[in-house]
There are 2 protein chains.
Amino acid sequence: MKKRSVTSRDVAALAGVSQSAVSRCFSPRASISDGTREKVLAAAKTLGYRPNSIARSLITRSSRTIAVVMSQLDNPFYAQMLDRASRLFQVKGYHLLLFMVSADGESKGVMGEILQSQVDGILMLSASLSSSFAQECVERSIPVVLINRTVDSDSVSQVASDNYHGGYWVGSFLAAAGHERCAFISGLPSASTNVHRRRGFLDALAAYGLTCWAEERGDYQADMARQATHRLCGGDSRPDAIFAANDHMAIAVIETLRTDFSLRVPQDVSVVGFDDIPLAALPSYRLTTVRQPLEEMVVQAAEQLLWQIAEGRIVAVNQTLPIVPILRESARCPTDVHI
Amino acid sequence: MKKRSVTSRDVAALAGVSQSAVSRCFSPRASISDGTREKVLAAAKTLGYRPNSIARSLITRSSRTIAVVMSQLDNPFYAQMLDRASRLFQVKGYHLLLFMVSADGESKGVMGEILQSQVDGILMLSASLSSSFAQECVERSIPVVLINRTVDSDSVSQVASDNYHGGYWVGSFLAAAGHERCAFISGLPSASTNVHRRRGFLDALAAYGLTCWAEERGDYQADMARQATHRLCGGDSRPDAIFAANDHMAIAVIETLRTDFSLRVPQDVSVVGFDDIPLAALPSYRLTTVRQPLEEMVVQAAEQLLWQIAEGRIVAVNQTLPIVPILRESARCPTDVHI
DNA sequence: CTGTTAGCGCTTTCAG
DNA sequence: CTGAAAGCGCTAACAG
């Protein structure tokens, strides 16, 4: 057991004031005279007193804590998002409680724990939320914001980049450059990001009178993308362009193409990704990709969460942020590029 | 304000039992009859009751929460560690509270917040801890485990890989292969990992009658490593081997060598890293490096933390885990390799 | 096995 | 401005 810690009572006794005076001393906007404050602060210092935020949370009904749910910390894109979110909330006086779930589907158990942990808000970084859970959050008036994932509920906020048009851009870019056998390596089939990127890609291809030459499943994972590349190029004919649903996979595709098939990128096969992770810019890859406004997405999500918390009510907002095509050298370009 | 939530009282009233019966129902090993349990559970379900863990923490003096302090989420090595740690603690029924600090030195403010947040333990992932803080943690009997960082205090536990011998291996490997101008790109000067890797490297070189040809500061950051490479190779002569204090920098070094100086690795310059991040194994790099037992380090750190928490007392232990040299093709090999 | 009774450490009216 | 008093929701003796 932990040894009894120093309480506001102890400080009060030493300072010769009431316990509530001590409390006021550590409350932002409470009226207290300078004299008392000094006595209290002095006593607090000698005793090494720190207000117990658990007790504070219990009474204020606010833990100043945000739950972050995510699944893929190995994808630098989400690692970076977490980094940003953490620093951002820290500045606002909130702490992050981290929950990792398996890639697909939410862990039912985990969501239960989140609810019990009395967080003030929930941030889902590309993790799925069941509508029954969304419902329960609303009932407890805990705001939820999904980043890059949608849910069948009109009560949670969503922030996403324009995945459809990102996919559309890739499709038209590839088609305009004269590619005729465009393949798609998908992300998680259940992920809205994947669905939208794919839809956009297919629609663009169709607009050029093309169909997707082949489609393989990659689940947003590097090693699955590697296998998908093998299926794509192992036969008699092979694609002349591959759109991987994210950069993480696209890098794996490029490596596989070069190493296992001695194919050059983009001379033999064009490769396009999605996200624009730092790695994509390295000379070894020079990956043509679609940049998601990472920073902006986090900022918007945080703002929505914070605003709802301050307001004390749930106001669901759907935001779609514009993407930015990034032209590098991993894909052959149309003669004159129309972005 | 949050709407009043369902409490154990409400459940008790509906189930027609006492409030403490409800409490027992949700406590692991409390004696309660099946009949009562069913009634309570039924009532709880219809009301959507979830025990408030804040209130529970207040009385049990245990938040079942671990603070994780780290600075570099962009380094995949630490992202991976966080991932592992998170899942590991989750299984044990603990939650992680994430605190990001600036790369060097601890944020004084952050450590204060950690103390107030009443965590049961603190895990420092390559983040520094001042001895005064270590002291304060001991006084509150909050166990602390540092991973890959040491602190001048005999009351906190430390888990690290054998950085000295890792560096030593690199030095002797490079020297044995006949390299004569070995350069070192350092990590953070204040980091114990950097100090030990460097010391080992220098000692090995000395054993071969060599000295470090040049030393540049990289602070464990990719872009600083790029600049360091420029300083190293921009002059009249250049090193024939570069030891970067971690893989993250080594990758940047290779890219820079190839792109900005048209140098081949390892024919013109050998490059060795440290960590063995997933990227290091990619065909584009095939980085010779020193693997740290990531999984094992996290497991050991978690065990120590959990054990101390269970025991209720601080027992500082220093663990040094063996490293594993990974031979790939980014560095020229000695004719016959003695590992 | 169950209900009653004290609090955990703090914030927050409410008088003075 | 300050102290006294009443809980926040729950656990943990303690009787019955």
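Lettering follows sequence order; numbering is per chain, from 1. These numbers were taken from a predicted model, which means no experiment stands behind them.
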| task | Please round to 10 degrees the angle between the axis of the first five pairs and the axis of the last five pairs in the helix from dC1(C)-dG16(D) to dG16(C)-dC1(D). | result | 30°

| Side chains of S130(A) and S132(A): is there a donor and an acceptor less than 3.5 Å apart? | yes

| request: Go through dC10(D), dG3(C), dC10(C) for me and flag the one nearest to the A55(A) side chain. | output: dC10(C)

| field | Phosphate-side-chain proximity, S18(B) and dG3(C), N/O vs OP1/OP2 below 4.0 Å | value | yes

| said: Rounded to whole Å, how long is the line connecting atom CG of L47(B) with atom C1' of dG9(D)? | reply: 15 Å

| Touch class at under 4.0 angstrom, heavy-atom based, for V22(A) against every strand present | nothing

| With no hydrogens and no angle check, do the side chains of S5(A) and Q118(B) hold a donor and an acceptor under 3.5 Å apart? | no

| Nearest-angstrom distance from the residue atom CG of N52(A) to P of dG9(C) | 7 Å

| request: Could you state the atom-to-atom distance from CZ of R64(B) to C1' of dT11(D) in whole Å? | output: 15 Å

| Qualifying residue for side chain to side chain contact (heavy atoms under 4.5 Å, CB included) with Q319(A), from M297(A), Q304(A), Q158(A), E303(A) | Q304(A)

| remark: Testing dC1(D), dG3(C), dG9(D) for proximity to the side chain of T36(A), the answer is dC1(D)

| Does the side chain of N148(A) come under 3.5 Å of the side chain of S126(A) through a donor N or O and an acceptor N or O? | no

| remark: In short, L96(A) meets L82(A) closest at the heavy-atom pair CD1-CD1, 4.2 Å

Quick one: which protein N/O atoms are closer than 3.5 Å to N/O atoms of nucleotides 12-16 of chain D? Pair and distance per line, please.
unit_1  : atom_1 : unit_2 : atom_2 : d
dA13(D) : N6     : R24(B) : NH2    : 3.2

| Any salt bridge between R50(B) and E136(A), counting N to O under 4.0 Å? | yes

| Is it the case that S18(A) and S20(A) place a side-chain donor and acceptor less than 3.5 Å from each other? | yes

| Think S33(A) has a side-chain N or O under 4.0 angstrom from the OP1 or OP2 of dC1(D)? | no

| task | Please report the shortest heavy-atom distance between M100(A) and V110(A), naming the atom on each side. | result | O-CG2, 4.4 Å

| query | dG9(C) P sits how many Å from Y49(A) OH, rounded? | reply | 10 Å

| query | Any idea which of dG9(C), dT2(D), dC10(D) is nearest the R9(B) side chain? | reply | dC10(D)

| Point-to-point distance, once rounded to the nearest 0.5 Å, from CG of L125(A) to CE of M70(A) | 5.0 Å

| message | We want to know whether Q300(A) and E296(A) form a side-chain donor-acceptor pair, criterion being a heavy-atom distance below 3.5 angstrom. | response | yes

| message | Using whole Å, what does the distance between atom C1' of nucleotide dG3(C) and atom CD1 of I32(B) come to? | response | 12 Å

| OP1 or OP2 of dG9(C) less than 4.0 angstrom from a side-chain nitrogen or oxygen of R61(B), does that happen here? | yes

| Protein-nucleotide distance (R56(B), atom CZ; dC8(D), atom P), rounded to Å | 19 Å

| request: Measure the distance from CG on L58(B) to P on dT11(D) and round it to the nearest whole Å. | output: 11 Å

| Atom pair distance, as rounded to whole Å: CD in E38(A) and P in dC1(D) | 15 Å

